[in-house]
Amino acid sequence: QVQLVESGGGLVQAGGSLRLSCTASGRTFSNYAMAWFRQAPGQEREFVAAINWGGGNTYYADSVKGRFTISRDNAKNTVTLQMSSLKPEDTAIYYCAASTLFAVTETRYNYWGQGTQVTVSS
């Protein structure tokens, strides 16, 4: 089992920045690709960004490319999502997820955090 705990959400004005963190415990963190997904009210959960086991490969949804950066520190068992130039449409609950596969599909991810709320005001 892998336990994931997100932190860093909050309220920010449009154009601002936030940094989300996810700390993992349980199994060997470096064995898992990590990703961030988000779910806005009334919408399905969607992929945001993913990073592979060593951190050398990343992938982003088109909607966040150039504004968000995913990174990981395997020594600290953490994955981070740095969000900048935030827009009201970025408002959602953000979830951290772990998978043995480097994937963008939600069903490929076996372990999930509880989520952290990000609200961007206009």
Step by step, would you call L11 with Q117 a side chain to side chain contact (heavy atoms under 4.5 Å, CB included)? CA-CA 8 Å; L11 173 64; Q117 177 70 48; over 6 Å; no

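- In this structure, the side chain of S99 engages the main chain of L101 through a donor-acceptor pair within 3.5 Å.
- Note on M34 and Y95: separate hydrophobic clusters, where clusters join Ile, Leu, Val, Met, Phe, Trp and Tyr whose side-chain heavy atoms are under 4.5 Å apart, directly or indirectly.
- Within a 6.0 Å sphere centred on CZ of R108, heavy atoms belonging to other residues, nucleotides or ligands number 12 at most.
- When side chains are defined from C-beta on, V79 counts as touching I70, because their heavy atoms get closer than 4.5 Å.
- Aromatic ring centres of W112 and F37: separated by under 6.0 Å.
- Here OG of S121 is found 5.0 Å from CD of Q13. Values are rounded to the nearest 0.5 Å.
- Side-chain contact between V5 and Q3 is absent, with no heavy atoms from C-beta onward closer than 4.5 Å.
- Annotation for C96 and L4: closest pair O-CD1, 3.7 Å, computed over non-hydrogen atoms.
- Cluster annotation: Y111 is connected to V48 through the hydrophobic network of ILVMFWY side chains, with a link wherever side-chain heavy atoms come within less than 4.5 Å.
- Listed by chain and number, the residues in a salt bridge (Lys or Arg N to Asp or Glu O under 4.0 Å) with R38 are E46, D90 (sequence neighbours excluded).
- Side-chain contact between Q82 and S71 is absent, with no heavy-atom pair separated by less than 4.5 Å.
- Shown here for Y32 and T100, the closest heavy-atom pair between the two residues is CE2-CG2, 3.8 Å.
- Between T116 and the options L18, I93, L20, a side-chain contact (heavy atoms from CB on, under 4.5 Å) holds for only L20.
- Side chain of Y109 to main chain of V104: no donor-acceptor pair is present (N/O by atom type, distance under 3.5 Å, no hydrogens or angles).
- T78 contributes no side-chain N or O that, together with a main-chain N or O of T23, makes up a donor-acceptor pair within less than 3.5 Å.
- The shortest distance between side-chain heavy atoms of Y59 and F47 falls below 4.5 Å.
- Interatomic distance, N77 CG to S25 OG, rounded to the nearest 0.5 Å: 8.0 Å.
- For A92 against A40, the heavy-atom pair with the smallest separation is CB-N, 3.8 Å.
- Here the CG atom belonging to N74 is positioned 10.0 Å from the OG1 atom belonging to T28, to the nearest 0.5 angstrom.
- The two residues A14 and S122 make their nearest non-hydrogen contact at CB-CA, 4.3 Å.
- E106 pairs by the salt bridge (Lys or Arg N to Asp or Glu O under 4.0 Å) definition with R45, not counting sequence neighbours.
- Between F68 and Y94, the angle of the ring planes lies from 30° to 60°, which puts this pair in the tilted group.
- Listed for the N52 side chain is no donor-acceptor partner under 3.5 Å among the backbone atoms of A33.
- Looking only at side-chain heavy atoms (C-beta outward), V12 and M83 stay at 4.5 Å or farther from each other.
- Figure legend: cation-pi geometry between R72 and F29, with NZ or CZ positioned under 6.0 Å from the six-membered ring centre and within 45° of its axis.
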